[in-house]
Amino acid sequence: MAEYLMVNSGHNRDDQASKLGMWLFLFTELLLFGGLFLVYSVYRYMNQEAFLQASLHLNIAMGTVNTAVLLTSSLTVAMSVSAMQKGNIKVSINLLILTLLFACTFLVIKYFEWSAKIGHGLFPGMEHYNMLEPGEKLFFFLYYFMTGLHGLHVIIGGIFIGIVIRKIKTGKVRPDRYILLENAGLYWHLVDIIWIFLFPLFYLIH
Amino acid sequence: MSKQENEATRVLDDDPKEQHITSFGNLVGIWVGLLLLTVVTVLISVLHKNFIAFSVVTALVIASTKALAVINHFMHLKYDSRVLKVMVYIVFGVFTVLIVLTALDYFTRA
């Protein structure tokens with residue numbers, strides 16, 4: 001027994017605390033996006049007609065597909081954690097790779113959406129944008145800022161998952177030590193939750 | 001890492017409770033529910049002339065339902081320790097109060 005304690009001294013792990021720390025970080029993310037949602041709600045209340053007109057420029061089909069893509073990627077991460085808990089390392093890695101593919105799909109669709117709009121001169125500073133009403137300008141400014149910030153989170157989440165895949169392969173994350181995988185999953189689900197609110201507020205207001 | 005070291009980690013692990021594993025079937029069920037709610041939101045919005053007006057409230061109620069399902073099942077909160085649950089619910093509660101108070105402020109301005 002004493003020998004065991006020596007081997008582990010200084011390396012006591014506390015998965016509960018790791019998870020709690022991750023949640024604390026997620027709360028700061030909630031406040032970051034929550035503040036932006038508050039700004040959006042107030043400006044929308046003050047410019048109802050303009051926000052409605054501007055939202056008609058957004059492509060509902062693309063938004064819906066992206067929602068489905070993100071929800072599915074959340075499913076594959078959650079399944080990956082379950083697979084790891086059951087000891088199926090191979091399945092766990094494959095599900096994470098699938099998640100990364102969905103993340104790329106999301107970003108590619110986002111790229112097409114943005115470039116279509118920028119192609120029509122609808123970006124702050126461009127000709128078409130400058131001719132819009134102040135309320136519509138606000139809508140597009142918030143659209144680019146919030147979906148852009150969300151896209152950045154998708155990229156960061158993807159990198160996080162990539163790191164976890166590496167660590168599973170090198171044996172640092174394994175069925176008896178998988179809190180990093182769980183935390184990467186928590187981050188990814190938060191990115192999904194933010195999109196769950198962004199989608200109806202920007203695309204579906206009529 | 002050696003087998004001996006593994007055992008040592010287990011001995012010192014301060015949470016010996018059995019870990020709950022969500023089954024694939026359960027997760028897929030939640031996913032189907034989330035997709036259905038998405039379809040409902042989009043349909044209400046696109047066919048809004050035949051339905052009740054798609055208000056912010058409808059959107060937020062459906063979105064919150066989806067978020068709760070993600071938090072409880074995908075994020076595993078339903079099976080997590082009480083500390084985490086209390087923390088998450090308090091933070092989300094405070095955040096809701098913040099939104100509601102700001103909304104009341106703007107809606108009641110002359």
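Per chain, numbering begins at 1; letters A, B, ... match sequence-line order.
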With chain B as the partner, which of A:Phe37, A:Tyr45, A:Trp188, A:Phe199 has the greatest number of non-hydrogen pairs under 4.5 Å? A:Tyr45

As an exercise, state the distance from CG of A:Asn66 to OG1 of B:Thr38, rounded to the nearest 0.5 Å. 12.0 Å

Under 4.5 Å to a heavy atom of chain B? For A:Leu201 that would be side chain

Rounded to the nearest 0.5 angstrom, the OG1-CD distance for B:Thr22 and A:Gln85 is 6.5 Å

Partner chain A: residue of B:Thr102, B:Val70, B:Leu35, B:Val91 with the largest heavy-atom pair count (under 4.5 Å): B:Val91

Side-chain touch B:Ile99/A:Ser41, heavy atoms, less than 4.5 angstrom: no

May I ask you to check whether over 12 heavy atoms, not counting those of A:Tyr43, lie within 6.0 Å of atom OH? no

Below 4.5 Å from any heavy atom of chain B, which atoms of A:Leu70 appear? Answer side chain, backbone, both or neither. neither

Closest-packed option against chain B by number of heavy-atom pairs under 4.5 Å, given A:Asp192, A:Leu71, A:Leu31, A:Leu30: A:Leu71

Return the OG1 to CG distance between B:Thr58 and A:Leu204, rounded to the nearest 0.5 Å. 11.0 Å

If you count the non-hydrogen atoms of other residues, nucleotides and ligands that lie under 6.0 Å from NZ in A:Lys137, is the total more than 12? yes

Using the rule given for side-chain contact (heavy atoms from CB on, under 4.5 Å), can you reason through B:Lys66 versus A:Thr67, listing the C-alpha separation, both sets of side-chain angles and the distance that settles it, and then say yes or no? CA-CA 12 Å; B:Lys66 286 164 77 180; A:Thr67 308; 4.1 Å; yes

Among A:Ala78, A:Ala68, A:Gly185, who wins on heavy-atom pairs under 4.5 Å with chain B? A:Ala78

B:Val42 vs A:Tyr203, test: side-chain contact (heavy atoms from CB on, under 4.5 Å). Steps then yes/no. CA-CA 9 Å; B:Val42 174; A:Tyr203 292 77; over 6 Å; no

Using non-hydrogen atoms and a 4.5 Å limit, figure out which bit of B:Val88 sits close to chain A: side chain, backbone, both or neither. both

Distance, nearest 0.5 Å, that separates CH2 of A:Trp23 from CE of B:Met75: 3.5 Å

When the 4.5 angstrom heavy-atom criterion is applied to B:Leu37 and chain A, the contacting part is neither

Examine whether an atom of A:Ile193 lies under 4.5 Å from a heavy atom of chain B, and if so say whether it belongs to the side chain, the backbone or both; otherwise answer neither. side chain

Drop me the distance from B:Ile71's CD1 to A:Leu190's CG, to the nearest 0.5 angstrom. 8.5 Å

How long is the gap from CH2 on B:Trp31 to OG1 on A:Thr76, to the nearest 0.5 Å? 10.0 Å

Identify the heavy atoms of B:Asp80 and A:Lys19 that sit nearest to each other, and give their distance. OD1-NZ, 2.7 Å

What part of B:His76 is in contact with chain A, defined as an atom under 4.5 angstrom from a non-hydrogen atom: side chain, backbone, both or neither? side chain

Please check if atom CZ in B:Arg109 has more than 12 non-hydrogen atoms from other residues, nucleotides or ligands closer than 6.0 Å. yes

Honestly, is A:Lys86 close enough over B:Phe24, meaning NZ or CZ under 6.0 Å from the six-membered ring centre and within 45° of the axis? yes

Would you check if B:Phe74 and A:Val77 make a side-chain contact, meaning some heavy-atom pair closer than 4.5 Å? no

Which heavy atom of A:Phe197 sits nearest to which heavy atom of B:Ala67, and what is that distance? CE1-CB, 3.8 Å

Tell me, for B:Leu27 versus chain A, whether the close heavy atoms (under 4.5 Å) come from the side chain, the backbone, both or neither. both

